[in-house]
Participant: 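Here it is: the structure, laid out below.
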Amino acid sequence: MWTRALWLGLRASAGGRRGFPSKADPQGSRRVTAELIEHLERLALVDFGSQEAVARLEKAIAFADRLRAVDTDGVEPMESVLEDRCLYLRSDNVVEGNCAEELLQNSHRVVEEYFVAPPGMCCPTWLNRLSHSKLRMQ
Amino acid sequence: MATPILRWCCPGRRWVFAGIGSVFRHGRGVPTGSTSSGKRGQSTVAQQPLITAQKPRKGEREWAAVVGLEIHAQIASNSKLFSGSQVDFAAPPNSLVSFFDASLPGTLPVLNRRCVEAAVMTGLALDCHINRRSLFDRKHYFYADLPAGYQITQQRLPIAVNGSLVYSVCVGKRQSQMVTKTAGVKQIQLEQDSGKSLHDSLRSQTLIDLNRAGVGLLEVVLEPDMSCGEEAAAAIRELQLILQALGTSQANMAEGQLRVDANISVHNPGEPLGVRTEVKNLNSARFLAKAIDYEIQRQINELENGGKILNETRSFDYKLGCTVPMRDKEGKQDYRFMPEPNLPPLLLYDSGSLPTGTDPQQVINIDQLREQLPELPRVTREKLVQQYGMLPEHSFALLNEVGLLEFFQNVIKETRAEPKKVTSWVLNTFLGFLKQQNLAVSESPVTPSALAELLDLLDRKAISSSAAKQVFQELWRSKGKTPAQIVAEKKLELMQDAEALEQLCRSTLEAHPQVVTDVKKGNPRAINKLIGLVRRATLGRADPTVIKEVLERQLSS
């Protein structure tokens, strides 16, 4: 997933669990701390299983940091490549749905037309234990 | 909008933590969290006799509470916000789910025009500034009822900002006076609803129904301008009425169409604001005020006992009547907001800026929507007060019950009786009967025409007011009979023969000389005895006030 390769984090939430650097860090931290890895693993459900993966992440951040070389003072940021496109408005008619059977085929477990969520879905501690490879096997 | 740092945190209510034996004006049992207030060993002001907690004495601190609200209202539309599947409260599980709602790869969001109109209308009704350009974002978090792993919302630039919600609270000893208050509307944004998760504790599994996933929501954020549960509840009620009048949401809390989260903090007046907690799961109109007041009191107790308030999320437990910390929130959530890459900015126009030669279906004109806005509850109430001379609180009562206003107006149309009489009968007698039997206006056995006819009889003085009440009771019990029929059956018509009444009075006076002497001696209650006797003689068909008049006249001559 592309979220794994490039975390550009437009907005760092203030007071995050371990105050990690905001996007306006002038020096650009080349080192990615273990705490940050743990945090990212929980947020994005990815598995930075090896040192290589961390190194790759650092390279990706350094690559993106080259954007800072451009002087963007007074320039309005482009937030979407679609900014000149027209947002299509759909009329309020019912044209979809009624495919429960089809959709439920995608689920690993089903109970009477309900999807069954993985156990312990309500508390995020399980997220720490689940690695990406395990997810793929589900 | 300035946060009110008041001595009085809200009309008639003071949050004072006093020592032993004091009276909490709110009268609710003090939660036995840290210490029970009544059992403190030493009080710093133990020497002075404690009467009531009217005036804060030295050593006691005053508290002001600050309450902000986040309201999620389900938009009343046929299809969902970004897909064409149906919006319905009760349907077989997962039957109203499209491929997009289930977050299957390759699907894209397509914005529903009706939802945008609903948001604009709500923004206009709340005096907001409508952003001509607004943006959609993704808010990421993992939960089984959020198949995509993110919710599409409007975090950076919502559709409407900076408005105000005007509402009224009852003040005064008998809760009879209405005071107008304002809560600032910080913003209104469009966002997706999540699916529903049902916890099967027996087999410890969670079942997911995605029928609700993707339904359009209006999130209305109110500034922390409220200071207690009552004000919050009144603000919510007014917002409900506005949304219902606009038709943008049915705003029924019981069906989950209106959900409220409260942000609550307390502080000493004059000092900076305290740490706030968020209370979720306030989904019942009845318990909303209670829950907020409980949390305020809990925070006061905690701080008075030297504790600290954690910036946490709590949930209201209806059975226990208290707020409890929500276990599944570890630290602060990082939602990793990012622009929704599949949606361009939403552009709105007004009559001056409408682009030429475009498909009208693809363009939203704010001015046109403003012209088409239905009458707001506030305006309806003002009109009632002016047109019928009723008190503001009556206009509130009429709008507070579904269908009551229409009933009232139908009666007015068909009767010659004075509006004040109609108001009184509808709000006291009619509404009283409805409430007693827990019926909605639509289920009433008495029609507006029937009540109108009854009031006409009363107005013509064909029956007395006590007889009218009897007729009403009979109307309620037996359908199909008209008031005139009931009056005839029960022989309730007032005596029209003045001469006969005079005769009856005279004969009663002659028959009871002792009572007459009592009256002449100045005993005020003796006359009532005479009136009673005459009434019995007329078989209840004479108006007591008229009898009194005649008797007094005859006695004085």
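We name chains A, B, ... by the order of the sequence lines, and we start the count at 1 in each one.
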Participant: Output the option from B/V116, B/L343, B/L96 having the highest count of non-hydrogen pairs under 4.5 Å with chain A.
Facilitator: B/L343
Participant: Indicate whether any N or O donor in one side chain lies under 3.5 Å from an N or O acceptor in the other, for B/Q192 and B/Q151.
Facilitator: no
Participant: Please name the pair of heavy atoms, one in B/N365 and one in B/L354, separated by the smallest distance, quoted to 0.1 Å.
Facilitator: ND2-CD1, 3.5 Å
Participant: I'd like to verify something: which residue of A/N106, A/L82, A/V110, A/L89 has the highest number of heavy-atom pairs under 4.5 Å with chain B?
Facilitator: A/L89
Participant: Give a yes-or-no answer on whether the side chains of B/S83 and A/E96 include a donor-acceptor pair shorter than 3.5 Å.
Facilitator: no
Participant: Quick check on the interface: out of A/E83, A/R90, A/E112, A/E102, who has the most heavy-atom pairs with chain B under 4.5 Å?
Facilitator: A/R90
Participant: Sub-4.5 Å heavy-atom contacts with chain A: which residues of residues 98-106 of chain B show up?
Facilitator: B/S98, B/F99, B/A102, B/L104
Participant: Against chain B, label A/D84 side chain, backbone, both or neither, depending on which of its atoms sit under 4.5 Å from a heavy atom there.
Facilitator: neither
Participant: Please classify the contact between B/Q205 and chain A as side chain, backbone, both or neither, with a heavy-atom cut-off of under 4.5 Å.
Facilitator: side chain
Participant: Over all heavy atoms of both residues, which pair between B/K80 and B/N112 is shortest? Give the atoms and the distance, please.
Facilitator: O-ND2, 3.2 Å
Participant: Cationic tip of B/K139 within the cone over B/F337's six-membered ring, i.e. under 6.0 Å and within 45° of the normal?
Facilitator: no
Participant: Side chains of B/T153 and B/D137 only: does a donor on one sit below 3.5 Å from an acceptor on the other?
Facilitator: no
Participant: Could you look at A/E101 and say if it's the side chain, the backbone, both or neither that has a heavy atom under 4.5 Å from chain B?
Facilitator: neither
Participant: Are B/F136 and B/F82 an aromatic pair by the rule of ring centers under 6.0 Å?
Facilitator: yes
Participant: Where does A/N93 contact chain B at under 4.5 Å (heavy atoms): side chain, backbone, both or neither?
Facilitator: backbone
Participant: What closest approach, in Å, do B/Q154 and B/L135 show between heavy atoms, and which atom pair accounts for it?
Facilitator: CG-O, 3.3 Å
Participant: Give the member of B/S95, B/P92, B/C115 that has the highest number of heavy-atom pairs under 4.5 Å with chain A.
Facilitator: B/S95
Participant: Side chains of B/R212 and B/Q74: donor-acceptor distance under 3.5 Å anywhere?
Facilitator: no
